[in-house]
Amino acid sequence: VHSSLKSLGYVEGGPIAVFEALWDAIGPDGTMIVPTYYLPGGTILNAAQEPDYVFDPAVHGSNLGALPSAFLSFPGVRRSLHPTHSVSAVGRHAEFVTADHHRAESVFGEGSPWQRFIELDGKLLGIGISMGPVTFYHRLEDEMGGRFPLPVKRPETYRMRCRDATGVVHEVPVRAFEVEYMQRRIDNPSRKDLRDYFWREMVSAGLMHVGEVGAARCWWIQARAFHERLH
């Protein structure tokens, strides 16, 4: 779930009511996954350069907005251990999705929540957002590695730290994005052209399902089909 609370208009019950409604729709045999990133300094590079930073899910919330922050208090939520891109989930596959993020070869690589989300062939849901703020794209970058057409990652690997529920500190390999390409990315405010292009592409391929929730235009795409189309 990628979301914007303000896009919905007034919601009786606030952010947690949104997730209660989604959970009712998904059902007890399903799984709900929400990015709950915590990025001190606003970027991977800034976070990596903070010498005393140790991510601790018992201490750090999410700075992605009201809905991700509220999801952390949803009953039964499990959260992945990752210094910049922690993901939370509830339901049947929550443990599988979140368990080994700190052991993944890269933020979005094999063993990450994104790789496992594709393996499960989930549905990517956008609530009141464009095709821009969709972390799913980075899975392709990490999957292709050196074969990706542009060098979008900085060459150095940082060993960032996380503290698990038992107090053990783990070092996690993280590479920051190359600043040179930030202005060209789909989530940059100037790239409406690219967001519109991706929207048209997904609609023409028959992958985009569009509807409304409250005042928000919403959409969903099947994970594997989206991933294959990006290739």
| request: Decide whether Glu171 and His102 meet the rule of one side-chain donor and one side-chain acceptor closer than 3.5 Å. | output: no
| Cut-off 3.5 Å, side chains only: do Thr98 and Ser80 have a donor facing an acceptor? | no
| request: Would you check, one step at a time, whether the test salt bridge (charged side-chain N to carboxylate O under 4.0 Å, His left out) holds for Arg229 with Glu201? | output: CA-CA 9 Å; Arg229 193 70 178 179; Glu201 180 72 14; 2.7 Å; yes
Just so I know, are the side chains of [X] and [Y] near enough to count as touching, which here means a heavy-atom distance under 4.5 Å?
X	Y	value
Cys162	Asp56	no
Phe177	Thr43	no
Cys218	Glu212	no
His2	Pro133	no
Leu140	His231	yes
Arg163	Val168	no
Phe108	Tyr137	no
Leu120	Phe96	yes

Mind listing the closest non-hydrogen atom pair of [X] and [Y] along with its distance?
X	Y	result
Gly41	Asn46	O-ND2, 2.8 Å
Leu45	Arg154	CD1-NE, 3.8 Å
Ala70	Ser73	O-OG, 2.8 Å
Ala104	Ser112	CB-N, 3.9 Å
Gly128	Ser7	CA-OG, 3.3 Å
Val169	Arg161	CG1-CB, 3.8 Å

How many angstroms lie between [atom1] in [X] and [atom2] in [Y], if you round to the nearest 0.5 Å?
X	Y	atom1	atom2	result
Phe117	Thr31	CZ	OG1	10.5 Å
Arg191	Ser130	CZ	OG	12.5 Å
Leu81	Ser86	CG	OG	7.5 Å
Glu228	Arg224	CD	CZ	8.5 Å
Gln222	Asp121	CD	CG	4.5 Å
Ile221	Leu124	CD1	CG	6.5 Å

Heavy-atom count around [X] [atom1] within 6.0 Å, excluding the residue itself: above 12?
X	atom1	value
Glu156	CD	yes
Tyr197	OH	no
Arg184	CZ	no

| Hydrophobic cluster (4.5 angstrom, side-chain heavy atoms) - remaining members for Val213 | Val1, Leu5, Leu8, Val11, Ile16, Val18, Phe19, Leu22, Trp23, Ile26, Met32, Val34, Leu67, Phe71, Phe74, Val77, Val90, Leu125, Ile127, Trp220
Presence of salt bridge, [Y] and [X], under 4.0 angstrom:
X	Y	value
Asp187	Arg195	no
Asp142	Arg175	no
Lys192	Asp196	yes
Glu141	Arg185	yes
Arg139	Glu110	yes
Glu95	Arg78	yes

| said: Quick check on ring-ring contact (aromatic ring centres under 6.0 Å, His included): which of His82, His101, His138 does Trp114 satisfy it with? | reply: His101
| Is Val54 linked to Met160 within one hydrophobic cluster, defined over Ile, Leu, Val, Met, Phe, Trp and Tyr using a side-chain heavy-atom separation of less than 4.5 Å? | no
| Hphob cluster co-occupancy, Leu150 + Ile44, side-chain heavy atoms under 4.5 angstrom | yes
| said: The test is side chain to side chain contact (heavy atoms under 4.5 Å, CB included); show your working for Ile129 and Ser3 and say whether it passes. | reply: CA-CA 6 Å; Ile129 65 163; Ser3 56; 5.7 Å; no
| message | Evaluate Val174 against Thr157 for side chain to side chain contact (heavy atoms under 4.5 Å, CB included), listing each step before the verdict. | response | CA-CA 6 Å; Val174 178; Thr157 298; over 6 Å; no
| request: Could you check Lys123, Met202, Met208 and say which one makes a side-chain contact (heavy atoms from CB on, under 4.5 Å) with Phe226? | output: Met202
| task | Specify whether Tyr53 and Tyr38 have parallel, tilted or perpendicular ring planes, treating 30° as the upper limit for parallel and 60° as the lower limit for perpendicular. | result | tilted
| Whether Asp100 side chain and Arg103 backbone form a donor-acceptor pair below 3.5 Å | no
| task | Check the pair Leu64 / Ser69 against side chain to side chain contact (heavy atoms under 4.5 Å, CB included), numbers first and verdict last. | result | CA-CA 7 Å; Leu64 279 186; Ser69 296; over 6 Å; no
| query | Sequence neighbours excluded, which residues qualify as ring-ring contact (aromatic ring centres under 6.0 Å, His included) partners of Tyr158? | reply | none
| message | Quick check: Phe55 with Tyr37 (ring centres under 6.0 Å apart)? | response | no
| message | side chain to side chain contact (heavy atoms under 4.5 Å, CB included), that's the test. Do His209 and Trp219 meet it? Break it down for me. | response | CA-CA 5 Å; His209 304 263; Trp219 54 267; over 6 Å; no
